[in-house]
Amino acid sequence: MPTYTPPTTPATRVDDAAMRDTLSRFCTGVAVITAIQPDGRPAGMAVQSFSSVSLDPPLVCFCPAGTSTTWPKINAAGRFAVNVLAADQQELCRQFAVTGGDKFTGVDWRSGVNGAPLLPAALATIECEVADVLPGGDHLIALGRVTALTPPERLRETDPLLYFRRTYGRVAPSSSAAPAASAASAATISSKSASIASARSRSEA
């Protein structure tokens, strides 16, 4: 099997602002990661860097910032829940995107199978155990082994909350009069006017 040989010449420095601007063109969903700390208090953080990893074993991942104050609390819990947000949960997302304070103030939640908070009206929930934590530059790569999922009959059938160019958005079907040139033209991003100043792209509070 071929092996990777590191380049012998230094990598070209990529401008931070240019990288943020370029990667902001990649539209993502939004999720809130929740857990119960060892002292019994809930902890949570909004993330855009969530992804499925593997079916066998069932793994997912997200990437908290190395400076995150919430991630150590979730890691200490050893288990967490991923709450996939719907388009009508923009304000809830903002609440979990800030740094510090009690993010659960005024938030209804129930305990999942693993004890982690499950948020009401989420599109879906994914309960996990922390499987591994890997270095990822100025972020960490948190791997979770899936232990429970929202039952199929309880999955919410509505639009997801999206994040595109540092702004919330939602899926909007194109006009029936518009030519259906491709699958990509079947949906557009209808951006909201409010920008998330406190939720940095690919970094979580």
Side-chain angles (χ1 to χ4, degrees), residues 11-34 44-53 60-71 74 80-101 103 107 119 121-126 134-144 155-205:
T12 303
R13 171 67 183 175
V14 175
D15 180 73
D16 291 353
M19 184 164 177
R20 287 193 193 97
D21 194 42
T22 299
L23 293 182
S24 74
R25 267 64 176 177
F26 180 63
C27 182
T28 71
V30 186
V32 170
I33 310 296
T34 56
M45 60 196 292
V47 303
Q48 292 85 48
S49 55
F50 170 73
S51 178
S52 63
V53 175
V60 297
C61 76
F62 66 97
C63 302
T67 56
S68 169
T69 57
T70 302
W71 163 244
I74 294 172
F80 60 89
V82 181
N83 298 268
V84 181
L85 298 189
D88 57 6
Q89 293 181 300
Q90 187 178 139
E91 290 306 319
L92 182 66
C93 179
R94 278 206 190 88
Q95 186 162 333
F96 281 92
V98 299
T99 300
K103 302 177 187 180
V107 176
L119 303 180
L123 285 179
T125 57
I126 305 156
L134 307 171
D138 55 11
H139 282 61
L140 299 168
I141 303 168
L143 281 173
L155 290 170
R156 190 177 173 200
E157 299 297 337
T158 190
D159 291 340
L161 180 62
L162 302 178
Y163 190 65
F164 179 67
R165 297 186 69 179
R166 305 182 184 91
T167 302
Y168 290 117
R170 67 187 302 159
V171 175
S174 59
S175 167
S176 58
S182 66
S185 68
T188 58
I189 302 301
S190 174
S191 295
K192 300 292 183 181
S193 58
S195 178
I196 318 171
S198 61
R200 303 173 299 278
S201 178
R202 297 287 178 190
S203 64
E204 280 56 78

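The CZ atom of Arg13 lies 9.5 Å from the CE atom of Met19; values are rounded to the nearest 0.5 Å. Rounded to the nearest 0.5 Å, atoms OG (Ser68) and CG (Leu140) are 8.5 Å apart. The line from OG of Ser51 to CD1 of Ile141 is 11.0 Å long, rounded to the nearest 0.5 Å. Interatomic distance, CD of Gln48 versus CZ of Phe62, reported as 12.5 Å (0.5 Å rounding). For the atom pair CG of Leu23 and CZ of Arg165, the computed distance is 13.0 Å after rounding to the nearest 0.5 Å. Put simply, CD1 on Ile33 and OG on Ser49 are 8.0 Å apart, with the number rounded to the nearest 0.5 Å.
The nearest pair of heavy atoms linking Gln89 to Leu161 is O-CD2, 4.2 Å. Heavy-atom minimum distance, Gly44 versus Phe96: C-CD2, 3.8 Å. Residues Asp15 and Ala18 share a closest heavy-atom pair of OD2-N, 2.9 Å. What you find for Gly144 and Phe80 is that their closest heavy atoms are CA-CZ, 3.8 Å. What you find for Arg156 and Ala86 is that their closest heavy atoms are NH1-CB, 3.3 Å. Heavy atoms only, all atoms of each residue included: Ala122 and Asn83 are closest at CB-CB, 4.3 Å.
A donor-acceptor pair is defined here as one N or O able to donate and one able to accept, closer than 3.5 Å; no such pair exists between the side chain of Lys103 and the backbone of Met45. A donor-acceptor contact shorter than 3.5 Å is absent between the side chain of Asp159 and the backbone of Ala87.
None of Thr125, Leu85, Val82 except one satisfies the side chain to side chain contact (heavy atoms under 4.5 Å, CB included) rule with Val32; the exception is Leu85.
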